[in-house]
Amino acid sequence: MLLLFVACPAPAWAADAELVPRMQRLTTHYHEDPARLDAGRAELEAAVKSQPSVAVLVMLAQISYVWGDIRGSTSDAKIQAYERGRQVADLALQQEPGNVDARFWRAANLGRWRERNRLRAATQVGTLRDEMQAIIRDHPDYSGAYGFLGYFYYRAPWPWGNRDEAMKMFRQGLARAPRDTGMRVGLARTLIDKDLADD
């Protein structure tokens, strides 16, 4: 069966049309069976080796990020997953420099990688913030960038952290993606923390 597949591969567009939506669903339904992330990641790695299209590279960047957060059992495993996510997003950008999804997942994986390596210098932190702000300037309706910035301002230490900016970003993101659970949670946490700080 494997030999037949190798001898007669499906066209890249056909593989992407089936694989990418299935993996996209996995990123939002992994809680049903987190171990499926392992198989999904392996399947995407195999697809990248045979047909490294931009869509599959970007999907692997996203799955690498989610896998690092959810399935990485050690700090080294998480770091390696985030680094792989950054690498494949870079490969996607080499093929399509303006791809907004590749830009976003490159920055998201790089941010997680830096957190794990405890790299929080002002220039490093500012670079990620600036990239997300640039994405918003170029693509005002790209909700993921608002969520990223919301969490950035919520979690970042002084002088970068800012609860008011976090709320603003979460609200702007939710205006574009009202059902985004992550941003709803982020806004709720920010509001609770701000109320406690104001008391």
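For the numbers below, each heavy atom of this structure counts, side chains included, while hydrogens, waters and symmetry mates do not. The model shown is predicted, which means the values in this text are computed figures rather than measured ones.
- In this structure, L19 CG and Q51 CD are separated by 11.5 Å, a value rounded to the nearest 0.5 Å.
- Looking at V66 and L26, their side chains never come closer than 4.5 Å, going by heavy atoms from C-beta outward.
- Considering all non-hydrogen atoms of both residues, A102 and V58 come closest at CB-CG2, 3.8 Å.
- For the atom pair E32 CD and R25 CZ, the distance stands at 5.5 Å (nearest 0.5 Å).
- At a threshold of 4.5 Å between non-hydrogen side-chain atoms, the residues M132 and F152 do not count as touching.
- Every salt bridge (charged side-chain N to carboxylate O under 4.0 Å, His left out) that D90 has, sequence neighbours left out, goes to R86, R106.
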Test log, rule side chain to side chain contact (heavy atoms under 4.5 Å, CB included), inputs R163 and D193: CA-CA 8 Å; R163 294 288 192 268; D193 286 0; 3.6 Å; yes
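- Separating the CZ atom in R189 from the CZ atom in F170 is a distance of 9.0 Å, to the nearest 0.5 Å.
- For an aromatic pair to be called close, the ring centres must be under 6.0 Å apart, and F104 with Y142 satisfies this.
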Quick one: do L91 and V48 satisfy side chain to side chain contact (heavy atoms under 4.5 Å, CB included)? Show the steps, please. CA-CA 10 Å; L91 291 174; V48 161; 5.6 Å; no
Start with the C-alpha gap between T127 and E131, add the side-chain angles, then the distance that decides, and say whether side chain to side chain contact (heavy atoms under 4.5 Å, CB included) holds. CA-CA 6 Å; T127 299; E131 174 64 3; 5.7 Å; no
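- For Y30, there are no ring pair (Phe, Tyr, Trp, His ring centres under 6.0 Å) partners two or more places apart in sequence or in a different chain.
- Atom CD of Q133 sits about 11.0 Å away from atom CG of L128, to the nearest 0.5 Å.
- Looking at R103 and D138, a side-chain N of the basic residue comes within less than 4.0 Å of a carboxylate O on the acidic one, giving a salt bridge.
- Side-chain atoms of H139 do not come within 3.5 Å of backbone N or O of I135 as any donor-acceptor pair.
- Proximity of a side-chain donor or acceptor of R112 to a complementary backbone N or O of K78 within less than 3.5 Å is not detected.
- The minimum heavy-atom distance linking G85 with A61 is given by the pair O-CB, 3.4 Å.
- Nearest heavy atom pair, residue A81 against residue S64, reads O-CB, 3.4 Å.
- Taken together through direct or relayed side-chain contacts under 4.5 Å among Ile, Leu, Val, Met, Phe, Trp and Tyr, L60 and L93 form parts of separate hydrophobic clusters.
- Judged as a salt bridge (charged side-chain N to carboxylate O under 4.0 Å, His left out), and not counting sequence neighbours, D76 has no contacts.
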Please walk me through it: do Y82 and D69 pass side chain to side chain contact (heavy atoms under 4.5 Å, CB included)? CA-CA 9 Å; Y82 302 136; D69 278 4; 2.4 Å; yes
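- To the nearest 0.5 angstrom, M23 atom CE is 12.0 Å from T28 atom OG1.
- The side chain to side chain donor-acceptor pair (under 3.5 Å) search around Y151 returns none, not counting sequence neighbours.
- Between the side chains of Y153 and D164, no donor N or O sits under 3.5 Å from an acceptor N or O.
- At least one donor-acceptor pair closer than 3.5 Å links the side chain of Q95 to the backbone N or O of P52.
- At least one side-chain heavy atom of Q24 sits less than 4.5 Å from a side-chain heavy atom of Q62.
- For the side chain to side chain donor-acceptor pair (under 3.5 Å) test, residues two or more places apart in sequence or in another chain that qualify with E45 are R84.
- Under the 4.5 Å side-chain heavy-atom criterion for Ile, Leu, Val, Met, Phe, Trp and Tyr, Y65 and V54 are members of the same hydrophobic cluster.
- No side-chain heavy atom of R179 sits less than 4.5 Å from a side-chain heavy atom of R184.
- Taking N99 as the reference, E96 meet the side chain to side chain donor-acceptor pair (under 3.5 Å) condition, with sequence neighbours excluded.
- Contact between S143 and R176 at its shortest, heavy atoms only, is CB-CB, 4.2 Å.
- Between T27 and M59, the closest side-chain pair of non-hydrogen atoms falls below 4.5 Å.
- When all heavy atoms of T190 and A166 are compared, the closest pair comes out as CG2-CB, 3.9 Å.
- Taking CG of D38 as the start and CD1 of I70 as the end, the distance is 11.5 Å to the nearest 0.5 Å.
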